[in-house]
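Down below is the structure, laid out as structure tokens.
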Amino acid sequence: MPIQRIICGLGQRTLPFFNNNSNTSQIVRKMSSSVLATESSTKGMIILNRPKALNAINLEMVRKIYKHLKKCEKTKSLMIIKGTGDKAFCAGGDVRTIVESGPTEESKTFFREEYTTNALIGNYKIPYIALIDGITMGGGVGLSVHGKYRVATERTLFAMPETAIGLFPDVGGSYFLPRLQGKLGLFLGLTGHRLKGEDVLKAGIATHYCDSSKLSDLETTLLNCPDADEVPDILNKFNKPSDKLFSLDPLLEKINKCFDGESVEDIIENLRTDGSEWALKTVETLSKMSPTSLKVTHRQLELGAKLSLPRCLNMEYRIVLRHLQDSDFKEGVRAMLIDKDQKPKWQPNTLEAVTEERVQSYFARLSDMEELKLEK
């Protein structure tokens, strides 16, 4: 039967009203200004609906997402998540609000519930399909990369830019980044390098690539498939990457060699020894990042390579609570997102001044009451 359209939410987006064979499926709509959570008798969908904020997530959104995921996991055959508009899937967490409110219980709760949602996605029992069309950074990566299927388009812009704001690549960055080829994940995590379009697939972050003009057809086909076992074949049918090389392919050997250091200082020394234009530009990029964030990130990814996703998130929760209390996070957000002077004053402002004791303090266990405990 033909696909019909109904207007949902604030009228900014239409959702498919789909039929399952000859039985009309009723869509249940749970709407807010920030999340549209919909379902039929057999399929679930979540739409991030803050287009003016590039679909950045806050605590209210995380709670709605988690609740809908838990419900649909038991009653539906697949889940699709996407963003409103054509600019962003999700540009990250609403860190400006977090910083402006300070280290409050709500800030702690945001990260606790966000990481719990990341863990749920990583162990989701039904096919989870993230349509990562547009900007996909930080918290948006956490809502997509741990799911079974991630569909990129030519508009996808991926990055984990946290070291530039005095934070670290969280939302499970310690799990997925070390598992990319060679030292690519460490390079991406330390530098915040941006990947575009097909490169997101070729880096191993997306699982499929579909032109944005075909996303609506892909979505409709998924929503109308009679059996979730058909999902892989449907995604493969729409998967149309070109034969073009991964943009970083010519640099992978240098990345593997230069980023194979026991410390950030070693990496910078390797880059300077290499002396190529790319290497020196990478040194310049790293020099702009928070020295504390660089060292914490290096340790985080080193440890995360040997941990499960839940254990990585437990570790990241310890790290993020320490960042809320004492780090460059507030100053980084001020310089990059609030005042936008692009001149953060890092404390300390050199790698040499960031002691091993300080780095270790971010990883120390919390009190038994505070620990996340996603997996013992």
### Derivation of the side chain to side chain contact (heavy atoms under 4.5 Å, CB included) call for Asn256 and Gln181
CA-CA 9 Å; Asn256 290 338; Gln181 56 183 302; over 6 Å; no

Could you measure the distance from the [atom1] atom of [X] to the [atom2] atom of [Y]? Nearest 0.5 Å is fine.
X: Ile46; Y: Glu39; atom1: CD1; atom2: CD; result: 10.5 Å
X: Ile234; Y: Thr221; atom1: CD1; atom2: OG1; result: 6.0 Å
X: Ile65; Y: Leu120; atom1: CD1; atom2: CG; result: 11.0 Å
X: Lys183; Y: Leu180; atom1: NZ; atom2: CG; result: 12.0 Å
X: Leu36; Y: Lys82; atom1: CG; atom2: NZ; result: 9.5 Å
X: Leu301; Y: Met160; atom1: CG; atom2: CE; result: 9.0 Å

How far apart are the closest heavy atoms of [X] and [Y], and which atoms are they?
X: Leu321; Y: Lys108; answer: CD2-CG, 3.6 Å
X: Asn270; Y: Lys257; answer: ND2-O, 3.8 Å
X: Ala152; Y: Gly197; answer: CB-O, 4.3 Å

### Message
Does anything in residues 166-176 form a side chain to side chain donor-acceptor pair (under 3.5 Å)? List the pairs, not counting sequence neighbours.
### Response
Tyr115-Asp170, Ser174-Glu316

### Task
Scan Glu262, Glu265, Glu352, Glu357 and name whichever one has a salt bridge (Lys or Arg N to Asp or Glu O under 4.0 Å) with Lys295.
Glu265

Linking I/L/V/M/F/W/Y whenever any side-chain heavy atoms sit under 4.5 Å apart, do [X] and [Y] land together?
X: Leu248; Y: Phe158; result: yes
X: Leu337; Y: Val141; result: yes
X: Leu69; Y: Phe110; result: yes
X: Leu372; Y: Val171; result: yes
X: Leu157; Y: Tyr209; result: no

Is there side-chain contact between [X] and [Y], with heavy atoms separated by less than 4.5 Å?
X: Val320; Y: Tyr317; answer: yes
X: Arg96; Y: Ile338; answer: yes
X: Asp368; Y: Lys373; answer: yes
X: Leu143; Y: Leu48; answer: yes
X: Cys90; Y: Ile57; answer: yes
X: Leu215; Y: Cys210; answer: yes
X: Met45; Y: Leu223; answer: yes
X: Ile98; Y: Val333; answer: no

### Query
Can you list the steps and then say if Met79 with His68 is a side chain to side chain contact (heavy atoms under 4.5 Å, CB included)?
CA-CA 10 Å; Met79 170 63 69; His68 198 58; 3.9 Å; yes

Go through the side-chain N and O atoms of [X] and [Y] and say whether any donor and acceptor fall under 3.5 Å apart.
X: Thr84; Y: Asn49; result: yes
X: Ser107; Y: Thr104; result: yes
X: Ser212; Y: Asp133; result: no

Just wondering, more than 12 heavy atoms not from [X] lying within 6.0 Å of its [atom1]?
X: Glu106; atom1: CD; answer: no
X: Lys148; atom1: NZ; answer: no
X: Lys76; atom1: NZ; answer: yes
X: Gln342; atom1: CD; answer: yes
X: Arg318; atom1: CZ; answer: yes
X: Arg179; atom1: CZ; answer: yes
X: Glu356; atom1: CD; answer: yes
X: Glu277; atom1: CD; answer: no

### Message
Please list all pairs meeting ring pair (Phe, Tyr, Trp, His ring centres under 6.0 Å) that have one or both residues in residues 245-280, counting only residues at least two apart or in different chains.
### Response
Phe187-Phe259

### Task
Name all pairs fulfilling the ring pair (Phe, Tyr, Trp, His ring centres under 6.0 Å) condition that reach into residues 348-367, sequence neighbours left out, sorted by first residue then second.
His323-Tyr362

### Message
Phe89: which residues meet the ring-ring contact (aromatic ring centres under 6.0 Å, His included) condition with it, sequence neighbours left out?
### Response
none

### Query
In a check of side chain to side chain contact (heavy atoms under 4.5 Å, CB included) between Thr282 and each of Ile267, Ile268, Leu271, Asp274, which one passes?
Leu271

For residues 287-294, please give each side-chain donor-acceptor pair under 3.5 Å, one per line with the distance, not counting sequence neighbours.
unit_1, atom_1, unit_2, atom_2, d
Ser287, OG, Glu284, O, 2.6
Ser290, OG, Thr292, N, 3.4
Ser290, OG, Ser293, N, 3.1
Ser290, OG, Ser293, OG, 3.3
Ser290, OG, Asp328, OD2, 2.7
Ser293, OG, Gly166, O, 3.2
Ser293, OG, Leu167, N, 3.2
Ser293, OG, Leu167, O, 2.7

### Task
List the steps, then state whether side chain to side chain contact (heavy atoms under 4.5 Å, CB included) holds for Leu195 with Leu188.
CA-CA 9 Å; Leu195 297 174; Leu188 295 175; 4.1 Å; yes

### Query
Taking the hydrophobic residues Ile, Leu, Val, Met, Phe, Trp and Tyr, and joining any pair whose side-chain heavy atoms are under 4.5 Å apart, which ones share a cluster with Leu280?
none

### Task
Evaluate side chain to side chain contact (heavy atoms under 4.5 Å, CB included) for Ile205 paired with Arg150, printing each intermediate quantity in order.
CA-CA 8 Å; Ile205 294 158; Arg150 292 88 65 188; 5.7 Å; no

